[in-house]
Amino acid sequence: MNIFFICALRAEAKPFIEALNLKKLLDQKAFDVYKRNNFFLCISGIGKVKAAAATAYVLTAFSKNAGDILINCGVAGYNTPLISKGETVLINKITDQDTFKEFFPNIIISHSYKEHEIHTFSKAVSLSSPEKKEFVDMESSGVYIAASRFLYLNNIYFLKVALDNLSPEGIKEESILSVMSENVNSILNFAESADLLSQNTSFEFNFSQEDERKLSELFEKMKLTKSMKDKVILLLKKRYVYGKKTLPDMQNIIFPVTNKDERKKEFDKLIEYLS
Amino acid sequence: MKGRKSLTSLSNIYLKKPFSHIYVENQAFKYDETYRITNFFKNSQLIEVSDYRNVFNSHNQNFNLQKKTPDLILAVKKGDFLYKGSDLCHGYENMDFYYLTNIINCLYDCDYCFIRGMYTSANIVYFVNTDDFFDAVAHEALGKDIFIPISYESDLLVMESIFRIFARWHSFCVENSNVNIEVRTKSSCINIIKEYRPVRNILLSWTLSPDLIISSYEKKSPPLQKRIKAVNQALEAGWKVRLSFDPILLIDDAEKIYTSFFNQILSEIPVDFLFDLNIGFFRMPTTYFREFKSKTQFSPVLYSDWEYSGDHVTYSSDRKEKFMKSAEPYLKEFSRLTKVLYMV
């Protein structure tokens with residue numbers, strides 16, 4: 001599966017880029033996107049709108065499967081003795097402080113992080129703000145809303161490192177870089193576990209690229225309608241479920257068609273072969 | 001072609017424990033039942049929600065994965081507590097037929113379950129305002145006999161040690177003899193039932209299937225022999241017992257599989273002591289079938305010649321006829337021994 005990281009800031013992203021040896025994709029213009037093998041990282045900028053846009057952008061371009069993993073990681077503000085500075089927290093509930101809508105990442109993975117809820121604000125919150133909450137950021141709800149359109153909810157993770165204690169001075173870039181560097185290995189190990197879990201619990205049929213190509217050629221040769229293609233795919237799935245796990249060689253038994261009658265004849269032949 | 005790999009022990013290492021998270025509606029904290037349940041699951045992470053549907057109805061939930069390790073949602077039922085029973089379900093002696101859902105979803109994982117078509121989540125929802133359900137039933141039952149299957153969207157007996165719903169219905173039925181309930185189950189939890197005396201207006205109903213069907217398509221549920229033992233113990237104790245061969249799954253070799261099964265039932269259960277026997281082929285409302293298909297891609301259950309008949313989907317008439325022909329001698333024998341209700 002593909003693994004996507006969404007970070008708001010360059011300082012949050014840099015430890016991952018270095019640890020994974022990611023290369024910047026120079027043809028991606030809207031957002032900075034980095035990649036190596038099946039790892040992708042996108043720097044969204046601050047705020048939930050940018051975060052949502054970046055998430056949708058990178059998943060549209062590169063995600064093939066609802067089983068792909070997405071991790072929104074970065075620093076967050078904290079105002080509770082339950083969370084320590086520099087601690088990585090897995091988010092189990094997100095409240096958008098503009099709409100007060102609640103979102104629930106579906107945590108199915110076994111993990112060793114503390115869990116907590118987070119509140120997403122549109123602007124920076126300080127200790128003097130009347131609406132301050134225990135754990136705050138500016139991106140989570142945006143990422144969730146976008147990512148949940150593409151991926152299974154249990155494959156969307158929010159790992160936030162407590163750094164900002166809501167002081168009015170804010171936080172320095174060096175501090176962000178430092179705390180993310182301290183936590184990058186832990187987060188990458190988590191990502192690996194999440195990926196293994198997703199790979200081993202995929203409940204979707206996926207044709208390999210080669211099989212997709214073969215099927216595409218066959219359908220083109222036979223000029224099948226959508227419902228005919230669906231019927232063929234259903235029979236292929238049934239064969240798989242009953243233990244025939246490789247795609248049968250259909251090219252050699254089917255002749256190219258030039259009209260509807262020939263198509264019907266070849267289609268019936270194919271259905272009989274597959275049944 | 002790549003498909004689902006079976007859950008390996010590797011992935012089991014990475015899966016959390018069932019009920020590790022309990023979502024609690026804010027309003028549910030007004031009920032003692034909520035505290036009883038949360039105390040039962042002392043080590044679980046509690047997450048407050050304003051409306052349980054924000055969790056339960058979310059799209060893109062991995063239903064099949066949640067089935068492996070469900071979470072619990074404690075909520076307060078609002079609105080209607082009783083619903084008119086479906087034409088696709090067996091009723092009871094021409095009484096007014098209703099159903100209610102004190103609990104949504106089940107610990108068992110049956111490939112053919114209609115709930116796969118109804119809901120996007122496999123997490124268990126428990127409505128803690130149980131008294132409101134009883135009030136609604138008492139009100140509806142004024143001056144008439146009514147029938148309510150209480151295990152409509154769940155298997156209550158298998159979760160009785162947690163939710164104790166059967167215990168409360170038993171007391172209610174003793175006080176309200178005009179309220180007739182059916183408790184349908186696959187469980188072999190006969191010890192739970194042994195604690196209570198049989199009551200005329202409680203019908204215990206066991207879903208029985210051939211062992212091959214159970215091991216392949218009724219995951220996590222007890223094998224046939226254990227269910228047969230529970231049925232016989234219930235009969236000996238004097239309970240009113242219904243057997244349910246529903247749904248009959250017309251998979252490959254179904255005739256042979258069910259012939260052996262019918263023989264086993266006739267030889268191991270005193271069928272003439274049963275209250276009745278239900279028989280029904282797989283059927284599902286068309287509105288649920290599409291969602292059901294998307295969740296059941298890896299099960300042979302899905303791959304049959306379906307017929308869309310009115311508002312529901314079932315096997316083709318030819319296929320059913322072929323089965324009924326082969327099963328005829330057994331069905332005749334069952335009919336000789338007890339009342340048989342068909343939903344075919």
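Labels below follow one simple rule: chain letters A, B, ... track the order of the sequence lines, proteins then strands, and each chain is numbered from 1.
In this structure, no portion of B:S121 lies under 4.5 Å from any heavy atom of chain A. Proximity to chain A is limited to the side chain of B:D71, based on heavy atoms less than 4.5 angstrom apart. Looking at A:E117, there are no atoms closer than 4.5 Å to chain B (heavy atoms on both sides), in backbone or side chain. Looking at B:H21, the atoms closer than 4.5 Å to chain A (heavy atoms on both sides) all sit in the side chain, from C-beta outward. Of the atoms belonging to A:I107, heavy atoms from both backbone and side chain fall under 4.5 Å from chain B. Residue B:F63 does not touch chain A at all, counting heavy-atom pairs closer than 4.5 Å. In this structure, the portions of A:L234 lying under 4.5 Å from any heavy atom of chain B include both its backbone and its side chain. Both the backbone and the side chain of A:S193 come within less than 4.5 Å of a heavy atom in chain B. Both the backbone and the side chain of B:S50 have a heavy atom closer than 4.5 Å to some heavy atom of chain A. Both the backbone and the side chain of B:Q61 come within contact range of chain A, judged by heavy atoms closer than 4.5 Å.
Side-chain atoms of B:Y126 and B:E33 include a donor-acceptor pair closer than 3.5 Å. Looking at B:Q66 and A:N106, their side chains do bring a donor and an acceptor atom within 3.5 Å of each other. For the residue pair A:D137/A:S140, the side-chain donor-acceptor check at 3.5 Å is satisfied. Between the side chains of A:D195 and A:Q199, at least one donor N or O lies within less than 3.5 Å of an accepting N or O.
Listed by first then second residue, pairs satisfying salt bridge (charged side-chain N to carboxylate O under 4.0 Å, His left out) with a partner in residues 148-157 of chain A number zero, not counting sequence neighbours.
Without hydrogens or angle criteria, B:T34 side chain to B:A28 main chain gives a donor-acceptor distance under 3.5 Å.
Both tests do not hold together for A:K238 against B:Y303: distance to the six-membered ring centre under 6.0 Å, angle to the ring axis within 45°. With a 6.0 Å cutoff to the six-membered ring centre and a 45° limit on the axis angle, B:K220 does not count as a cation-pi contact of B:Y108.
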Without placing hydrogens or testing angles, list every side-chain donor-acceptor pair under 3.5 Å for residues 51-61 of chain A, not counting sequence neighbours.
residue	atom	partner	partner atom	Å
A:T55	OG1	A:A51	O	2.7
A:Y57	OH	A:Q28	OE1	2.7
A:T60	OG1	A:A56	O	2.6

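Residues of residues 90-102 of chain A having a heavy atom under 4.5 Å from any heavy atom of chain B, listed by number: A:N92, A:K93, A:E102.
Here the two rings, on B:Y258 and B:F323, have centers that are under 6.0 Å apart.
For A:F150, the ring pair (Phe, Tyr, Trp, His ring centres under 6.0 Å) criterion is met by no residue, not counting sequence neighbours.
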